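Contents: one structure, followed by commentary.
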There are 2 protein chains.
Amino acid sequence: MTLKLDKVNRGPHLSTLVASSISREIAQGRLKPGDQLPTEQALATTFGVSRNVVREAIARLRSEGRIWSQQGRGAFVVESTNPTVLTIDYEALQRADSFRNLFELRGILEVQAAALAAKRRSETDLAAMGDALAGMRAAPYGSVAWLRSDLEFHRTVAEATRNSYMGQFLVFVSERVRESILAAGNQQKSDDMARITLGEHERILTAIRAGDAEGAQAAMRDHLAGAALRVGLHDGEAAAEPASPAQEVPSPVRHSRLRKAVRGRARG
Amino acid sequence: MTLKLDKVNRGPHLSTLVASSISREIAQGRLKPGDQLPTEQALATTFGVSRNVVREAIARLRSEGRIWSQQGRGAFVVESTNPTVLTIDYEALQRADSFRNLFELRGILEVQAAALAAKRRSETDLAAMGDALAGMRAAPYGSVAWLRSDLEFHRTVAEATRNSYMGQFLVFVSERVRESILAAGNQQKSDDMARITLGEHERILTAIRAGDAEGAQAAMRDHLAGAALRVGLHDGEAAAEPASPAQEVPSPVRHSRLRKAVRGRARG
DNA sequence: AAATCAGGGTTGTATGATAACACGACAAGA
DNA sequence: TCTTGTCGTGTTATCATACAACCCTGATTT
């Protein structure tokens with residue numbers, strides 16, 4: 001009975017085809033950066049579709065940053081070929097130093113986000129944070145529900161900054177960090193930890209509620225330091241304080257042989 | 001009359017606004033994965049735009065992988081797939097508030113990067129920063145060479161943090177900010193500015209060379225505040241202080257009548 | 001020479017219509 | 001009862017046309 005019947009693979013929309021065609025023209029150099037595209041009407045007739053379809057295709061390319069258009073003038077191929085996406089190599093994260101770096105970056109963002117949140121949070125933000133904390137209290141430490149509430153708390157803080165990019169970046173980084181932690185899968189759980197972690201979160205919320213930016217920063221910093229320990233990262237300083245007095249690394253690229261330094265990351 | 005200088009307020013297309021709105025609904029959980037979106041007609045009337053605009057918006061969201069649509073059925077929020085790439089919507093950046101947010105994020109990263117760099121920089125880092133500054137001194141303010149040296153300086157600072165992700169993110173964000181500034185193309189240039197900007201950079205380098213984290217932070221903060229002004233962003237606070245007291249937007253779809261809000265865009 | 005204005009060309013938006021498709025309801029046939 | 005065919009409704013996909021806003025250019029006027 002289980003006929004394969006794979007997905008009604010309906011052909012892509014016309015606008016997609018048109019977008020691909022134009023994209024190909026650009027990729028193959030027939031349309032160079034700075035060049036002006038034919039008019040929408042011209043494209044419509046050459047492709048044999050309506051101007052509407054062409055517009056959807058162009059809207060797409062525009063959102064991808066490949067072309068740029070101005071009313072009354074036309075559409076142009078954008079100059080810079082700078083990457084418009086940022087990716088984090090999953091494998092690289094398995095390396096201890098990479099993980100530590102990402103954790104540090106996350107810390108910076110979280111700490112500053114906490115400060116901003118303390119200044120800009122609304123009542124609904126506070127309520128949402130409270131809810132998230134309640135969720136953590138109700139769930140057993142380390143459970144799925146607990147993790148979700150934890151994540152939710154941090155997400156809410158990010159949202160309270162009223163800066164969408166802050167939220168976007170923070171969620172992105174946090175997700176990568178969390179994945180990596182789960183993949184390593186070495187967490188010891190205890191009731192003490194639940195209590196401690198919860199306490200850290202409560203301090204954060206208290207400071208944010210009070211509008212105390214410095215306090216929120218400090219509380220978040222402490223929280224992350226604690227989290228670092230719980231994850232097996234020594235030196236809570238990852239989030240803030242630097243440590244070594246700038247050891248010299250004279251030559252530029254010198255990361256050879258990192259590999260073995262990694263093997264025993266995680267663990268304790 | 002001259003005084004073009006109206007913010008970075010380049011008018012985004014209606015489709016961009018609509019796409020952002022829907023995007024926000026999804027991000028904030030009011031539209032959950034698997035949910036069906038309202039019909040195009042319904043969206044058109046609630047947003048107060050034509051169905052065409054809605055379609056362009058949906059086409060974008062579809063190309064971004066956020067929603068999925070099928071003829072005869074409707075459009076649906078795609079099942080949550082952990083994004084493995086981070087993208088910045090090029091068009092959304094044309095909106096002044098988005099730009100300001102990204103600028104703020106950049107500020108946070110730069111300031112913290114300066115602090116880390118002060119603690120971790122090597123001699124070669126310092127030399128590279130010095131070279132970049134020399135390049136700025138040699139080139140006329142605002143020229144291509146000047147901009148390249150400027151970028152190079154900041155890149156070097158990021159590198160001195162010894163945190164590759166910091167560099168990656170910072171470069172990514174800075175590039176977007178820079179592109180947006182160039183696109184707006186409203187900068188006044190003067191010799192004073194060259195001197196001032198150069199001075200700001202020199203202060204940063206001095207502090208980093210001295211290993212003074214707080215000083216580097218402060219210098220970088222000043223620099224960014226100055227840059228914000230030069231770009232037409234009032235309130236250097238973009239890098240630190242908050243602004244509005246978080247207005248509420250409680251109910252889900254309530255964007256009726258975007259129309260008039262848009263009418264008098266651009267121009268002044 | 002400079003400012004103003006008119007016109008054409010182009011993108012942005014609105015509107016209505018048609019075709020293709022999904023889905024449920026309902027009735028006819030087994 | 002179960003299957004099948006048909007139909008009507010709702011939705012997306014596409015088309016076609018019209019108008020508004022805008023840029024650019026060139027002629028006209030000052």
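Nothing here was measured: the structure is a model prediction, and the numbers come from that model. Order of the sequence lines sets the chain letters (A, B, ...), proteins ahead of strands, with each chain counted from 1.
One can place CZ of B:F47 at 14 Å from P of C:dT13, the figure rounded to the nearest angstrom. In this structure, B:Q41 atom CD and D:dT14 atom P are separated by 18 Å, rounded to whole Å. Atom CG in A:L17 sits about 13 Å away from atom P in D:dA13, given to the nearest Å. Distance, B:L14 CG to C:dT15 P: 12 Å, rounded to whole Å. As rounded to whole Å, 15 Å separates atom C1' of C:dG9 from atom CG of A:L43. Look at CD on A:E40: it is 13 Å from C1' on D:dC22, rounded to the nearest Å. In this structure, the CZ atom of B:F76 is 11 Å from the P atom of D:dT11, given to the nearest Å. In this structure, NE2 of A:H13 is placed 6 Å from P of D:dT14, rounded to the nearest angstrom.
In summary, B:E56 and B:R51 do not engage in a salt bridge, as defined by a charged side-chain N under 4.0 Å from a carboxylate O. In summary, A:R120 and B:E104 engage in a salt bridge, as defined by a charged side-chain N under 4.0 Å from a carboxylate O. Using a cutoff of 4.0 Å between basic side-chain nitrogens and carboxylate oxygens, B:R178 and B:D150 are not scored as salt-bridged. A salt bridge links B:R230 with B:E200: the closest approach of a Lys/Arg side-chain nitrogen to an acidic carboxylate oxygen falls below 4.0 angstrom.
Counting all heavy atoms, side chain and backbone alike, A:I208 lies closest to A:A114 at CG1-O, 4.1 Å. When all heavy atoms are compared, the tightest approach of B:A57 to B:V18 is CB-CG1, 3.7 Å.
For A:S50, a side-chain nitrogen or oxygen approaches OP1 or OP2 of D:dC15 to under 4.0 Å. For A:S69 and C:dG12, the shortest distance from a side-chain N or O to OP1 or OP2 is below 4.0 Å. Between B:Q70 and C:dA22 there is a side-chain polar atom (N or O) within less than 4.0 angstrom of OP1 or OP2. Listed pair A:S15 / D:dA13 fails the phosphate criterion, with no side-chain N or O lying under 4.0 Å from OP1 or OP2. Under 4.0 angstrom from either OP1 or OP2 of C:dT11 there lies no side-chain N or O belonging to A:R55.
A donor-acceptor pair under 3.5 Å links the side-chain atoms of A:N163 to the main chain of B:N101, judged by distance alone. No side-chain donor-acceptor contact under 3.5 Å links B:S143 to the backbone of B:A139.
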query: Under a cut-off of 3.5 Å for both distances of each Watson-Crick or G-U pair, what dot-bracket string does DNA chain D give, using [ ] for crossing pairs and | for inter-strand pairs?
result: ||||||||||||||||||||||||||||||
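Heavy-atom distances to DNA chain D give each of B:L37 and A:V53 a nearest nucleotide, and the one nearer the 5′ end belongs to B:L37. Place B:N52 and A:A75 on DNA chain C by their nearest nucleotides, and A:A75 ends up nearer the 5' end. The residue among A:R62 and B:R73 whose nearest nucleotide of DNA chain C is located toward the 5' end is A:R62. If A:G48 and A:G72 are placed on DNA chain D by their nearest nucleotide, the residue sitting closer to the 5' end is A:G48.
Each of A:L43, A:V54, A:V77 was compared with A:I22 under the side chain to side chain contact (heavy atoms under 4.5 Å, CB included) criterion, and only A:L43 meets it.
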Do any N or O atoms of the protein come closer than 3.5 Å to N or O atoms of nucleotides 17-19 of chain C, and which pairs are they?
unit_1	atom_1	unit_2	atom_2	d
C:dA17	N6	B:R51	NH1	3.4

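Inspection of the A:R60 and A:T16 side chains reveals an N or O donor paired with an N or O acceptor under 3.5 Å.
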